[in-house]
Structure formats: C-alpha cells, structure tokens
Amino acid sequence: MATTIAGETYLGEELVSSLSPSGDVTLYLWPVRCLKSKMGGPTFGVDIKGEEIIRFDPHGPRGHWHQGGYDKLGAGGSHTEFPEGIRDTESQITWALAQIRENGQQLLADAGFPDEASSLDQEMVGVASESVIAHLEEEGDLLPRAIEQGLIAA
C-alpha cells in the first residue's frame, strides 16, 4: 500500500484491490488526499509488494500522474502531465483507469517489473477499476468538507 505523507490529510475510507492472483500487485485509492500545498482530490495507483510504481493524482487543473516507479524515482522524477484536454477530475479518473486496463502491463514492465507485469489479471483489473468508481460514488463529494476544514483552498 502506498505510504501516506506526513502533513497530508486523507479523507474517506481507502480501498485496496488485488490486480494479480498472488496479491503482489494491488491498486489502492484514497478518495481525497489533501496536500500540504492546499490542493488535492482523489489519488490512486498501483503497488507491487508494497512499493508504489504508478500514481494518479486526478486533481482537476493541477492534476498529474507518476510513472516509472514513484517510490524509486520520487515525485519529481516520475511526474507526468495528463494529456492535452484532460483537465477535469472526472476525465482524469476515466483516462487513468483506462491506462491501467490497457497499458498496465507495459507501464509496470517499463518501470522494471516484467514478471509482475505479466501477472496482471485483466479480469481483476476490470473489477478493480469498477470498484474505484463505485467507491468514489459511495464516499460522495468530500471536497467541500476538505475546503471547509481548510485542507484544500477553494
């Protein structure tokens, strides 16, 4: 599971889903992650045996993602912008989940995990993707609460 960062606040119940039969590859979701910089939103990604490999930060206009090994390269070394035109949180979530479904094996292999990449189970990936959407809907809109608490700037 991805490591929380001191000074950040996490709202809502986290979700963890297996993406491989062994359980070594997992997808996690924090419904709202409030960064020290007073921005935030959902954060989810893919871990291998507890090491975070891919992270998606669909935080609207300031949203981005991390590839190549988040824990290995750090936030700055793995930072990648969403494609042109994908600016709102909902489309960033949709795009990111499609990346995991359609390119997850390649992204993990490119990060140096070819064995784990080949262990991705597409049915499990599909179920996990649907679980992310359902869980976010269940948790509801937590951003107003984060703004009210001064955790995210309006």
Side-chain angles (χ1 to χ4, degrees), residues 1-5 8 10-35 39-75 77-146 152:
M1 171 69 199
T3 305
T4 57
I5 298 172
E8 293 185 348
Y10 302 81
L11 301 178
E13 185 177 328
E14 67 186 314
L15 172 74
V16 177
S17 301
S18 289
L19 301 180
S20 65
S22 68
D24 289 344
V25 184
T26 58
L27 180 139
Y28 75 89
L29 163 69
W30 294 315
V32 174
R33 178 172 152 246
C34 307
L35 286 71
M39 65 173 266
T43 293
F44 59 94
V46 178
D47 291 348
I48 295 176
K49 298 178 187 170
E51 181 178 346
E52 191 169 13
I53 310 304
I54 305 165
R55 174 181 283 199
F56 295 96
D57 293 313
H59 300 164
R62 296 180 67 189
H64 56 274
W65 66 292
H66 302 270
Q67 64 178 325
Y70 182 84
D71 284 349
K72 177 176 61 176
L73 300 174
S78 60
H79 183 96
T80 306
E81 295 296 324
F82 282 109
E84 185 72 30
I86 299 180
R87 303 289 298 156
D88 65 277
T89 299
E90 187 175 322
S91 62
Q92 290 170 352
I93 291 169
T94 300
W95 182 88
L97 290 172
Q99 292 308 299
I100 295 170
R101 285 190 310 272
E102 298 165 13
N103 303 312
Q105 289 182 323
Q106 189 62 54
L107 289 167
L108 294 178
D110 290 349
F113 295 89
D115 294 339
E116 292 83 353
S118 66
S119 77
L120 272 187
D121 180 289
Q122 285 307 112
E123 186 174 327
M124 294 175 86
V125 170
V127 168
S129 294
E130 292 171 12
S131 295
V132 165
I133 300 298
H135 191 70
L136 287 171
E137 288 174 3
E138 263 178 41
E139 290 290 315
D141 188 2
L142 298 171
L143 286 176
R145 189 169 112 199
I152 293 179

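- Looking at Thr26 and Ser18, their side chains come closer than 4.5 Å, going by heavy atoms from C-beta outward.
- Ser78 has its side chain out of reach of Lys72: every pair of non-hydrogen atoms, C-beta onward, lies at least 4.5 Å apart.
- Side-chain contact check for Pro42 versus Ile93: some heavy-atom pair is nearer than 4.5 Å.
- Looking at Gln92, its side chain does come within 3.5 Å of a backbone N or O of Gly60 through a donor-acceptor pair.
- Just one of Leu107, Leu120, Leu19, Val125 meets the side-chain contact (heavy atoms from CB on, under 4.5 Å) condition when paired with Val46; it is Leu19.
- Residues Tyr10 and Leu142 have side chains not in contact (no heavy-atom distance under 4.5 Å, counting atoms from C-beta outward).
- Closest approach of Thr89 to Pro58, counting heavy atoms only: CG2-O, 3.2 Å.
- Atom CD1 of residue Ile48 and atom CZ of residue Phe113 lie 5.0 Å apart, to the nearest 0.5 angstrom.
- Distance check: Glu51 CD to Lys49 NZ gives 10.0 Å after rounding to the nearest 0.5 Å.
- A pairwise comparison of heavy atoms in Leu15 and Ser131 identifies CD2-O, 3.7 Å as the closest pair.
- Proximity of Leu136 to Pro31: side-chain heavy atoms (C-beta onward) are separated by under 4.5 Å at one or more points.
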Q) Passes side-chain contact (heavy atoms from CB on, under 4.5 Å), Ile100 versus Phe56? Steps please. A) CA-CA 10 Å; Ile100 295 170; Phe56 295 96; 3.7 Å; yes
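- Contact between Pro21 and Asp121 at its shortest, heavy atoms only, is CD-CB, 4.1 Å.
- Once rounded to the nearest 0.5 Å, the distance linking CZ of Arg101 with CG of Asn103 reads 10.5 Å.
- How far NE2 of His59 is from CG of Leu35: 6.0 Å, rounded to the nearest 0.5 Å.
- A tilted orientation is assigned to the rings of Tyr28 and Trp30, their planes being inclined by 30° to 60°.
- Heavy-atom minimum distance, Ser118 versus Asp115: OG-O, 2.8 Å.
- Taken to the nearest 0.5 Å, the OG atom of Ser119 stands 8.5 Å off from the CD atom of Gln105.
- The closest side-chain heavy-atom distance from Gln67 to Asp110 is not below 4.5 Å.
- Pairs engaging residues 52-71 under the salt bridge (Lys or Arg N to Asp or Glu O under 4.0 Å) rule: Arg33-Asp57, Glu52-Arg55 [sequence neighbours left out].
- In this structure, the separation between CZ on Arg145 and CG on Leu11 is 5.0 Å, given to the nearest 0.5 Å.
- With a 4.5 Å cut-off on side-chain heavy atoms, Leu97 and Phe44 count as touching.
- Here the closest heavy-atom approach between residue Gly41 and residue Leu143 is recorded as CA-CD2, 4.2 Å.
- His135 approaches Leu29 most closely through the heavy-atom pair CD2-CD2, 3.7 Å.
- By the 6.0 Å contact criterion, CD on Gln122 is enclosed, its count of non-hydrogen atoms from other residues, nucleotides or ligands being greater than 12.
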